[in-house]
Q: 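Below you'll find the structure I mean.
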Amino acid sequence: MPSRLESITQQRLEKLQRLRDSGIDPYPHRYRRTHTVQQAVALFERTERAGRLPQRRLALAGRIAASRDMGKACFVDIRDGTGKIQVYFRLDVLGAQSYSLAKELDLGDIIGVKGHLFRTRSGELTLEAQELHMLAKSLQPLPEKWHGLVDVEKRYRQRYLDLISNPQSREVFHKRSQIIAAMRRFLHDQGFIEVETPVLQPAAGGAAAQPFITHHHALDQDLYLRIATELHLKRLIIGGFDKVYEIGRIFRNEGISTKHNPEFTTLESYQAYADYHDVMRMVETMVSAIAQEVLGTTQVSFGEVTIELAPPWPRKSLREEIEERCGLDFLAYEDPASLRRAMLEIGVEVEETASPSHLVDKLISSLVEPNLMQPTFLLDYPVEMSPLAKRTPYNPRLVERFEAFAAGMEIANAFTELNDPLEQRERFQMQERWRTQLGDQEAERVDEDFLLALEYGMPPTGGLGVGIDRLVMLLTGQQSIREVILFPQLKSKPPF
RNA sequence: GGGCCGUUAGCUCAGGGGUAGAGCACCUGACUUUUAAUCAGGGUGUCGAAGGUUCGAAUCCUUCACGGCCUACCA
């Protein structure tokens with residue numbers, strides 16, 4: 001006995017053969033449509049308002065999303081990239097031969113139809129087809145029309161089915177595109193130029209993370225996929241591009257969760273002669289401008305809460321914020337071991353081998369981050385966890401760095417960039433010591449090539465990193481990063 | 001990595017020791033303005049996989065695979 005799947009496919013294959021036998025190419029090379037669905041609707045509504053009867057014959061094309069067969073007439077809904085419209089086939093209009101083709105249509109087939117528009121008795125705008133062409137025969141059944149595709153794994157593995165059957169999913173990715181376009185416009189209007197820097201690097205730096213490793217055969221050399229775009233963009237500031245940005249994919253060889261995908265997209269921007277206060281103003285202005293442009297509002301819903309993105313966002317000292325949350329002043333501890341003991345007392349456990357940079361980070365991620373629903377800037381981080389940022393004038397143990405939080409997520413990270421090449425070398429060396437002594441695989445390495453660039457002189461600079469995927473989550477109300485990445489990373493499955 | 005939950009027809013889901021079920025989709029027939037079309041008929045399946053318990057396993061047990069959520073690490 002053939003399986004269920006094979007028998008369906010067999011039925012479709014027989015239909016396919018019948019099409020070919022009757023001289024119809026089921027996969028023609030092109031179809032000249034005159035209008036998209038959206039354009040057709042707009043055209044009809046214009047003529048309707050002008051009190052005229054639409055005369056013009058239109059050619060539309062799309063995938064069959066539903067069909068209602070009435071015997072000697074039938075209705076199908078077709079969908080293209082712009083919308084859905086009903087098509088009406090009549091035996092007496094179409095003729096026996098074309099009508100028999102219409103009767104053979106399956107949900108999922110892609111067709112072209114030519115005819116004119118009218119309104120049915122119930123007022124639905126409909127194209128009465130005088131011609132019908134098969135543009136691509138579908139051999140697989142589509143998910144159910146009413147519930148759509150629900151199976152989460154299938155939605156991610158076969159995203160095209162998700163997009164065909166779930167309008168909400170189409171909407172999220174459409175918005176993602178608009179968000180990134182709005183971001184580019186904003187940066188362009190501010191005088192930033194967009195650049196591209198290498199993904200393949202001899203050493204991965206610019207962030208605390210483990211890289212993916214690969215190998216170049218011709219060079220016979222190991223290369224790393226970038227974990228940040230930071231160090232190359234600063235080289236461009238040194239090169240005299242005063243405002244640069246890159247929107248690009250970066251790769252981190254770490255865990256996967258609702259907030260983490262191994263490859264994700266960041267915006268990094270660098271502005272000469274600016275500090276982190278200037279960058280703060282830019283972030284709050286940019287995010288609210290994007291929301292206004294794409295969503296038409298600066299208020300977004302996220303789970304149970306409504307988030308107001310209009311500037312100004314509150315600025316709070318990281319040190320005071322942590323002290324408010326748990327009574328612990330991280331500056332009161334001179335060495336990592338005593339801070340670690342104090343954290344243990346308030347129930348925050350950290351591994352024995354954790355490097356100093358991990359300690360405060362742990363306090364932030366467990367106590368602060370989940371509680372910051374409204375957009376908030378936290379300012380001035382410990383120097384140990386920010387090897388690329390400049391110290392504050394008022395306390396050498398802190399750097400001019402901020403992170404922006406919203407919806408319980410970190411969405412941006414920025415600092416006044418360290419431009420003293422000798423101090424930068426010392427900071428790298430401190431990181432290198434953690435790597436060798438504490439086994440901190442995420443510590444920065446001494447990057448001689450970057451240090452050489454710094455030695456030529458980098459102007460005072462404000463730098464910024466924004467997690468685009470998380471920003472899209474925030475603006476579309478999605479609770480999982482997989483809902484805003486078209487093809488999220490999943491474990492491979494054995495073939496069917 | 002740890003914990004909990006899930007995997008049954010193409011899709012959405014019931015069924016929890018005794019012949020494999022429903023709706024949609026699909027197939028056959030009727031119907032020339034339907035729209036979750038309607039009406040009559042048809043079940044198309046490796047119950048995620050492999051072992052085990054049992055007279056008998058979709059159901060109970062073990063292991064494994066994949067996924068979801070929480071947790072740990074990171075952004």
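Values reported hereafter were calculated over all heavy atoms of this structure, with side chains retained and with hydrogens, waters and symmetry mates removed. A, B, ... follow the sequence lines: proteins, then strands. Residue 1 opens every chain. As the structure is a computational prediction, the values presented were derived from the model and not from experiment.
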Q: Show me the pairs that pass ring pair (Phe, Tyr, Trp, His ring centres under 6.0 Å) and involve residues 90-114 of chain A, at least two apart or across chains.
A: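 For residues 90-114 of chain A, and leaving out neighbouring residues, there are no ring pair (Phe, Tyr, Trp, His ring centres under 6.0 Å) pairs at all.
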Q: When you compare the protein's N or O atoms with those of nucleotides 69-71 of chain B, which come within less than 3.5 Å of each other, and at what distance?
A:
{"unit_1": "C69(B)", "atom_1": "OP2", "unit_2": "Arg482(A)", "atom_2": "NH1", "d": "2.9"}

Q: Quick check on C27(B): is either OP1 or OP2 less than 4.0 Å from any side-chain nitrogen or oxygen of Lys15(A)?
A: yes
Q: Taking the six-membered ring of Tyr381(A) as reference, does the cationic atom of Arg401(A) (NZ for Lys, CZ for Arg) lie under 6.0 Å from its centre and within 45° of its axis?
A: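 Arg401(A) over Tyr381(A) ring: yes.
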Q: Just N and O in the side chain of Arg68(A): are any of them under 4.0 Å from OP1 or OP2 of A37(B)?
A: yes
Q: OP1, OP2 of A37(B) versus side-chain N and O of Lys145(A): anything below 4.0 Å?
A: yes
Q: Check this one for me: any side-chain N or O of Lys72(A) less than 4.0 Å away from OP1 or OP2 of C31(B)?
A: yes
Q: Going by salt bridge (charged side-chain N to carboxylate O under 4.0 Å, His left out), name the residues that satisfy it together with Lys103(A), two or more places apart in sequence or in a different chain.
A: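 Applying salt bridge (charged side-chain N to carboxylate O under 4.0 Å, His left out) to Lys103(A) gives Asp69(A).
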Q: Just compare U33(B), G67(B), G23(B) and give me whichever is closest to any side-chain atom of Arg157(A).
A: G67(B)
Q: Return the nearest nucleotide to the side chain of Met70(A); candidates are G67(B), A37(B), C11(B).
A: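 The nucleotide sitting nearest to the side chain is A37(B).
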Q: Give me the distance, rounded to whole Å, that separates C27(B) from C47(B) when you measure between the C1' atoms they each carry.
A: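 It works out to 24 Å between them.
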Q: Could you work out the separation of A58(B) and G48(B) based on their C1' atoms and round it to a whole Å?
A: 12 Å
